[in-house]
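Read the structure below first, then the notes.
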Amino acid sequence: MTASPVLALASVSRDLAGRRVVRDVDLVLARGEVLGLLGVNGAGKSTTLRMIAGVLAPSVGRVLVDGEDLAEAPGLARREIGYLPEVPPLHIELSVTEFLAFCARLHGLAGEAEAAVARAIDRCGLGDVRRRLIGALSKGFRQRVGLAQAILHEPSLIVLDEPASGLDPVQALNLRELVRSLGADHAVVLSTHVLPDVVACCDRVAILHEGALRYEGRLADPAGAGIFVRTSKSIDAGDWLELPIVADATPAAAGGTAWRLRLRDGATTSMLAAAIVERAFGLEELRAGNAALEETFMEIAAGSATAVAA
Amino acid sequence: MSASFLIARHEWRRLAAQPFAWLLAAIVVALMAWQFLLALEAFLELAPKLGSLKDAPGVTDIVAIPLLRSFSNLLMLLVPLITMRAIASERRAHSLVLLLAAGVGNVRVVLGKYFGALAFVMVLILLIAAMPLALAFGTSLDVGRLAAALIGLVMFAAALTAIGILCSAWTAQPALAAAAAFAITSLLAIVDAGARLKGVDSSGINYIALPTHIEPFFRGLVSSIDIVYFVIVAVVALAFAAKRLDRLRSEAD
């Protein structure tokens, strides 16, 4: 984490129609990181993203972009944030190039608008349809135009709300690659229902439930994300804790055959597998690190998990 | 103001990209041209008789002013049709967020939408004004009176456009926005009809009515009170539209 993060949410809450839909969310994101924001419908993802994008002001708390309060410097949103909402905001009566040229100027690119449009068209694979009216494009292409408008001014922070919705599997795969490449030199917040997208694209994951941040951790860090293990033998917590590499063991199901383990610093998944085989626990399934995300998400979504915000 | 100018230019381009706007313009120009030619023919028939009268009405009184007055009535229907999509269609298409997320303030968005639509209305006014002005090549016009009528028409259109933008911000249904704008302007046009029937023409209710302020322009009188009236209507409508946009921020997606 760098000293000055691109995005920082400080105890952000938002009320809509007299109801608190987002409460006390704290998040920090640095350049070069992709954060996956997960949550069931109505969890407060879109409202959080709207606050991050500068569309909506928080009722309580502050959204800082490049260290400046978004509410006090609206010009920041114009220059430093690219936002693709759930429904791409498009003007269907214009051609792709006309629309993107307008977006470029809207984001303060005057002289370099043409070059920025050409770059975004190239990056999002819109070359063949650049002169076609947006209204005549398929859903996948419209989504790409929406993505192009979010990245064309090379913002520090890119906010994508369910960018893969409505895409076919090939388009979704291309999108993952694009998001991954954007993550190399931007800070990206990605909201999605699709867990494999998060695993494939994101460095970190945050899970929102009923407006509150219930989980936050690094995806690449198995100790942080937990490891799911299923064995043929019934094991108890004491057996697991006898292993020197296991820091914590919690049952994932009744019967003692499914566990979620947290490893000590420096321990790896392969060391755990070797230890299980050595003790003859009857290893049947081992989902390392990221695969355990689904379990965590399902538990939080079902409302059974306690707050585990890291 | 650069963001407003950018949005206004974009709004004009969006209007110009639709056949609907051009079709509307063509119908209006054809309708007014027909009326203009009929009035011109009537004037040519009357001209020999008028020559013998002292202070006889000229071509400006018989052809130009009635044409512009008739056009002002048509504007009450026309402007809502031009402004109805300005914000309502953006809400339907979920594209308003494009402007809101670009750090453009509510007032600037509203002003951009307003001036974009107003530019289109101004082109229509110019096209219609060109008809009586073309007579200057063959006869002498009362230029002062014609200029006053055109100033009045522009002020009137500016107020109607603001009402149209307000209605477009209020609903996501363009047709409903047009109907609401038409209803409001119609109400403003007839609000003092009852008072006038009773011979009252200088009370508060007369001040609210649109005809009280547009008619002096057609008579050649440019008075600041009438200009102020149209400016107030436009400013109030646009202020409410900006207020409405503030509320839409929390719904925009």
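Chain naming here is simple, since letters A, B, ... match the order of the sequence lines and numbering starts at 1 in each.
Under the 3.5 Å distance criterion, with hydrogens and angles disregarded, a donor-acceptor pair is assigned to the side chains of B/R249 and B/N106. No donor-acceptor contact under 3.5 angstrom links the side chains of A/D24 and A/S11, judged on distance only. A donor-acceptor contact under 3.5 angstrom links the side chains of B/S95 and B/E90, judged on distance only.
Residues of residues 127-139 of chain A having a heavy atom under 4.5 Å from any heavy atom of chain B: none. Contacts with chain B (heavy atom to heavy atom, under 4.5 Å) involve these residues of residues 90-105 of chain A, listed by number: A/L90, A/H91, A/E93, A/L94, A/E98, A/F99, A/F102, A/C103, A/R105.
You'll find the side chain of B/V79 stays beyond 4.5 Å of the side chain of B/I163, heavy atoms only. Considering only heavy atoms from C-beta on, A/P88 stays 4.5 Å or farther from A/V145 through its side chain.
Atom CZ in B/F217 sits 11.5 Å away from atom CZ in B/F156 (nearest 0.5 Å). Residue A/L37 holds its CG atom at 4.5 Å from CG of A/L208, rounded to the nearest 0.5 Å.
Salt bridge absent: A/R23 and A/E210 never bring a charged side-chain N and a carboxylate O closer than 4.0 Å.
Within the structure, every pair that satisfies the side-chain hydrogen bond (donor to acceptor under 3.5 Å, both in side chains) test and touches residues 18-35 of chain B, not counting sequence neighbours, is listed here: B/Q18-B/R85, B/Q35-B/S70. Residue pairs meeting the salt bridge (Lys or Arg N to Asp or Glu O under 4.0 Å) criterion with at least one member in residues 66-83 of chain B, sequence neighbours excluded: B/R69-B/E215.
Contacts between A/R79 and chain B at a heavy-atom distance below 4.5 Å are absent for every atom of the residue.
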